[in-house]
Structure formats: C-alpha cells, structure tokens
Trainee: 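The structure follows.
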Amino acid sequence: MATAAATSAVGVGTGQALEQLEVNHDFARSLPKIELHAHLSGSISRKCLHEVWTMKKAEDPNLAVEDPLLAIPPDKVDYDLETFFPLFSSYIYKLCSDKPSIIHTTRSVLQDFQSDNVVYLELRTTPRAIPDQNISKKVYVEAILACLTEHNNLPTNTLSAKLILSVDRRNTLQQAEEVIDLALAYRDAGIVGVDLCGDPTKGPITTFTSAFARAKRAGLKITLHFAEAPTSASDEELWELLRWAPDRIGHVIHVNDEVKREIVRRGVGVELCLSCNVHARMITGGFGEHHFGWWWKGGSVGVALSTDDVGVFCSPLSNEYVLAATHFGLSRADVKELCLGAVEIIFGEEAEKERLREVYRSWAGW
Ligand code: IMP
Ligand code: ZN
C-alpha cells in the first residue's frame with residue numbers, strides 16, 4: 001500500500017505538492033472516512049450519557065447511577081482489561097436500559113460519526129435483552145436498525161450506516177446461535193455480518209465454532225477480535241479462528257510471523273485501533289510502537305483505521321488518521337490510499353463499494 005501511495009504522489013504540479021502536505025486535523029476531518037470497527041455502547045459520548053442520566057434523574061430522583069461526568073471524568077481515557085469491560089456491564093448498560101435511552105444514544109452515535117465526516121460506518125452491537133422493559137434481543141436489534149434506517153433515509157446525511165451483530169465471548173453456544181439467527185433474519189434490513197468480541201480472558205472460543213460455521217455457510221460476513229491480549233493469542237486459538245474463514249479481523253496484536261503470513265496470504269482485512277490499544281495498554285509502548293506501521297508498510301491487505309470505543313477513548317476517527325500519519329510519516333496521498341484500501345474490505349455490497357470509490361475519485365480536498 002505504501003508503495004502504491006508513494007508512486008501516485010511522485011511528480012510535479014500543485015496538486016501533487018499538496019498531496020505531500022502534513023496530515024493535520026483540518027485535513028483529517030474533511031477527509032471522507034470509513035469506520036469498520038466501532039462498538040455501539042462504547043461509542044456513546046460522555047455528553048450523551050450525561051443527557052440520558054439527566055433525563056432519568058429527573059424522572060426518578062432516587063436513580064442509583066452516578067453522573068457520567070463524575071463516573072467517567074472527561075479526561076479519563078486510560079484503562080486496562082480489568083477496568084475496561086466492567087464499564088459496560090456495571091455502568092453504561094444501567095443508563096442505556098430502556099427504549100428511549102437506546103434510541104437517543106444510537107442517534108447520537110450516528111450523528112457523531114456523521115459530524116466527523118465518516119461516510120460509511122459498520123457499527124456493531126451485542127443483542128441485549130432487557131426483560132423488565134419487555135425488550136427482547138429481537139426488539140433491541142429492531143430498535144437499533146430503525147435508527148440506522150432513519151439516519152440513512154435522510155437525504156442530507158452523507159454517512160451510510162450498516163450493522164454487525166456481536167457474539168460475546170461469555171455467551172453460550174445457544175446465545176451465539178440466537179445472534180446468528182437475528183443477523184440472518186435482518187440481513188435485508190441493514191445487517192452485514194457478525195463479530196466475536198468481549199473480554200479476551202473469557203473462552204474457550206471453540207464453543208462458537210459451529211455457530212460461525214453456520215453464519216459463513218449462510219453467506220454472512222465475519223469479523224473477529226483477534227489476538228487482542230496474550231491470553232487470547234495462543235497458536236491454538238488463532239489457527240482455530242482462521243479456520244472460521246473470517247473476512248476481517250480486529251486488533252491483530254499478538255501475532256507471530258507465521259500467522260501474519262497466513263493473514264496476508266488470504267488477504268484478510270485488518271481493523272486497527274491505535275488509541276484503544278495504547279490507552280487500554282494492549283500494546284507495549286506508545287503510538288510509534290503500534291503494529292499499524294507493519295500492516296501499512298508490509299501487510300498488503302486492506303487496513304481500516306478504526307475507533308473501537310470512541311466514547312471511552314475520546315479519539316474520533318479523524319484523530320486516529322492524524323495519529324497514524326504523525327507517528328508513521330504518512331502524507332495526505334498515503335492517507336487517501338489507505339482509505340481506498342478500506343473500501344475493498346467493507347461488508348457492504350459492490351454498489352456501496354463503487355459509491356465509496358467514486359467519493360475518493362472525485363475528492364480533491366487536499
Ligand atoms: P455493545 O455490544 O454495543 O453493547 O458494546 C459494548 C460491548 O462491546 C462490550 O460489552 C464488549 O463486549 C464489546 N467491546 C467493546 N470494546 C471491546 C474491545 O476492545 N474488545 C473486545 N470487545 C469489546
Ligand atoms: Zn472491538
């Protein structure tokens with residue numbers, strides 16, 4: 001990818017000189033972007049969580065949930081695996097606990113991506129039942145899809161959003177099968193694939209082999225959290241996950257050369273989340289040590305820079321592009337080339353890919 005980008009930028013003329021300018025925040029914000037790894041509940045801004053909390057507190061002054069602005073202070077972005085995952089089960093889900101809050105937060109997440117000039121988004125979420133609100137997993141999925149449809153149908157919105165349903169590593173096989181059933185039932189309503197996510201210390205992932213095999217046979221696209229922590233990166237686990245024939249994988253941190261070669265040989269797209277990996281201490285070192293450098297230069301597979309949980313790590317996608325460019329020396333032309341690579345690994349249909357290729361062909365916002 002780097003080679004192609006460098007070649008396209010060689011030459012003289014004002015356009016080409018501009019292509020070599022520094023990737024600053026203005027440029028990164030105006031760049032049309034593709035987000036392929038974003039968890040819905042982790043993408044809710046603190047401001048939005050605070051709005052939900054304020055509404056709930058007004059309805060019920062005895063609400064036993066702390067104000068998000070105190071529970072997750074605006075400057076707190078550093079976590080580890082022990083403090084990160086409980087944030088959802090012990091806190092965010094207590095606020096997003098009924099239909100109005102789910103709808104309000106989903107709309108807000110879509111609006112935030114739209115405002116950052118993301119033009120294509122594959123949002124993912126784990127179907128969640130809330131029995132005391134009569135919300136089944138089906139109702140939950142329908143509510144999210146309705147928000148996506150509402151957003152996509154508004155002609156002034158330039159962001160097209162699709163949904164991926166996640167299986168959580170804590171799920172049983174039966175729960176995983178239920179996720180696959182829902183993904184199949186609603187594939188014509190905007191669901192493009194399924195994911196395996198959740199606390200990497202939980203397992204074993206072989207519980208889900210048959211469920212993901214069924215998803216694959218049925219033609220659903222598959223993305224997997226892959227080698228996210230040392231505990232989820234044994235040879236046994238990684239080769240098993242590769243046997244599921246994923247179309248994309250996320251994080252891809254603790255991988256040896258043989259596994260890397262196999263990923264490249266198969267052309268599996270990679271979703272890389274710089275801020276998440278640095279702030280949740282998933283990698284050793286800082287941004288300059290991130291494996292993005294390897295995949296961008298030597299990977300020759302599509303790379304989608306992604307946010308993972310922008311509500312938690314507070315780094316919008318435009319900032320991830322600035323970070324990648326700053327720490328790995330990407331020019332504006334390199335960044336555009338990177339985006340074009342991401343187009344090829346979306347789960348959306350060929351027509352969607354062509355729309356995005358055209359967005360970049362006609363884009364000259366140097
Ligand atoms: P939800 O699926 O929309 O409710 O988003 C929150 C869920 O996403 C969490 O409970 C986790 O299972 C999952 N998640 C968020 N970030 C990560 C990550 O970095 N690794 C694995 N799973 C994650
Ligand atoms: Zn993730």
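Model, not experiment: these values are computed from the prediction. Just so you know, ligand 1 is whichever comes first in the structure, and atom 1 is the first atom listed for that ligand.
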Trainee: Looking at the Zn ion (ligand 2), is there an N, O or S atom belonging to H225 that lies under 2.8 Å away from it?
Mentor: yes
Trainee: So that I can check it, does any N, O or S atom in H39 come closer than 2.8 Å to the Zn ion (ligand 2)?
Mentor: yes
Trainee: Looking at non-hydrogen atoms alone, which of H37, M282, R169, H39 comes nearest to atom 17 (C) of ligand 1?
Mentor: H39
Trainee: Any N or O on Y140 sitting closer than 3.5 Å to an N or O of ligand 1?
Mentor: no
Trainee: Between E237 and R169, is there a side-chain N and carboxylate O pair less than 4.0 Å apart?
Mentor: yes
Trainee: For ligand 1, note which part of D168 has a heavy atom under 4.0 Å away: side chain, backbone, both or neither.
Mentor: side chain
Trainee: Would you call R357 and E354 a salt bridge, using N to O less than 4.0 angstrom?
Mentor: yes
Trainee: Determine whether I263 and L305 fall in the same hydrophobic cluster, where Ile, Leu, Val, Met, Phe, Trp and Tyr are linked whenever their side-chain heavy atoms lie under 4.5 Å apart.
Mentor: yes
Trainee: Return the residue, atom name and 0.1 Å-rounded distance of the protein heavy atom closest to atom 3 (O) of ligand 1.
Mentor: T125 OG1, 2.7 Å
Trainee: Between ligand 1 and F84, is the shortest N or O to N or O distance under 3.5 Å?
Mentor: no
Trainee: Does any N, O or S atom in H37 come within less than 2.8 Å of the Zn ion (ligand 2)?
Mentor: yes
Trainee: Take every heavy atom of H251, measure it against each atom of ligand 1, and state whether any distance is under 4.0 Å.
Mentor: yes
Trainee: Identify, for atom 18 (C) of ligand 1, the protein heavy atom at the shortest distance, and state residue, atom and that distance.
Mentor: E228 OE2, 3.2 Å
Trainee: Any chance you could lay out the salt bridge (Lys or Arg N to Asp or Glu O under 4.0 Å) test for E122 and R248, step after step, and finish with the verdict?
Mentor: CA-CA 12 Å; E122 288 176 8; R248 291 198 314 253; 2.9 Å; yes
Trainee: Between ligand 1 and D199, is the shortest N or O to N or O distance under 3.5 Å?
Mentor: no
Trainee: Please report which non-hydrogen protein atom sits nearest to atom 1 (P) of ligand 1, along with the residue it belongs to and the distance in Å to one decimal place.
Mentor: S41 OG, 3.3 Å
Trainee: Before giving the answer on side chain to side chain contact (heavy atoms under 4.5 Å, CB included), spell out for F212 and I205 the whole-Å C-alpha distance, their side-chain angles and the decisive distance to 0.1 Å.
Mentor: CA-CA 10 Å; F212 277 87; I205 49 99; over 6 Å; no
Trainee: Can you tell whether the side chains of E66 and K94 come within less than 4.0 Å, N to carboxylate O?
Mentor: no
Trainee: Among all protein non-hydrogen atoms, which one is nearest to atom 2 (O) of ligand 1, and what is the separation to 0.1 Å?
Mentor: T126 OG1, 2.5 Å
Trainee: Please could you name the atoms of ligand 1 that L40 approaches to less than 4.0 Å, counting only its heavy atoms?
Mentor: 3 (O)
Trainee: Heavy atoms only, cut-off 4.0 Å: how does D309 contact ligand 1, side chain, backbone, both, or neither?
Mentor: side chain
Trainee: What atom name does the N, O or S atom of D308 nearest to the Zn ion (ligand 2) carry?
Mentor: OD1
Trainee: Within the structure, does R170 bring an N/O atom to less than 3.5 angstrom of an N/O atom in ligand 1?
Mentor: no
Trainee: Quick one, K216 with W244, criterion side chain to side chain contact (heavy atoms under 4.5 Å, CB included). Give me CA distance, side-chain angles, the key distance, then yes/no.
Mentor: CA-CA 8 Å; K216 191 80 195 174; W244 297 2; over 6 Å; no
Trainee: Please indicate whether any nitrogen or oxygen in R128 is less than 3.5 Å from any nitrogen or oxygen in ligand 1.
Mentor: no
Trainee: Counting the benzene-type ring for Trp, do H37 and H225 have ring centres under 6.0 Å apart?
Mentor: yes
Trainee: Does any N or O in the side chain of S43 come within less than 3.5 Å of the main-chain N or O of H39, such that one atom is a donor and the other an acceptor?
Mentor: yes
Trainee: Evaluate the side chain to side chain contact (heavy atoms under 4.5 Å, CB included) criterion for residues I346 and K162: first the C-alpha distance (whole Å), next the side-chain angles of each, then the deciding distance (0.1 Å), finally the verdict.
Mentor: CA-CA 10 Å; I346 68 165; K162 307 281 179 197; over 6 Å; no
Trainee: Centres of the Y321 and W296 rings: under 6.0 Å?
Mentor: no
Trainee: Looking at atom 4 (O) of ligand 1, what's its closest protein heavy atom, distance included?
Mentor: Y93 OH, 2.4 Å
Trainee: Membership question, hydrophobic clusters at under 4.5 Å side-chain separation (ILVMFWY): are I34 and L31 in the same one?
Mentor: no
Trainee: Give the residue and atom name of whichever protein heavy atom lies nearest to atom 22 (N) of ligand 1, and the separation in Å to one decimal.
Mentor: G198 N, 2.9 Å
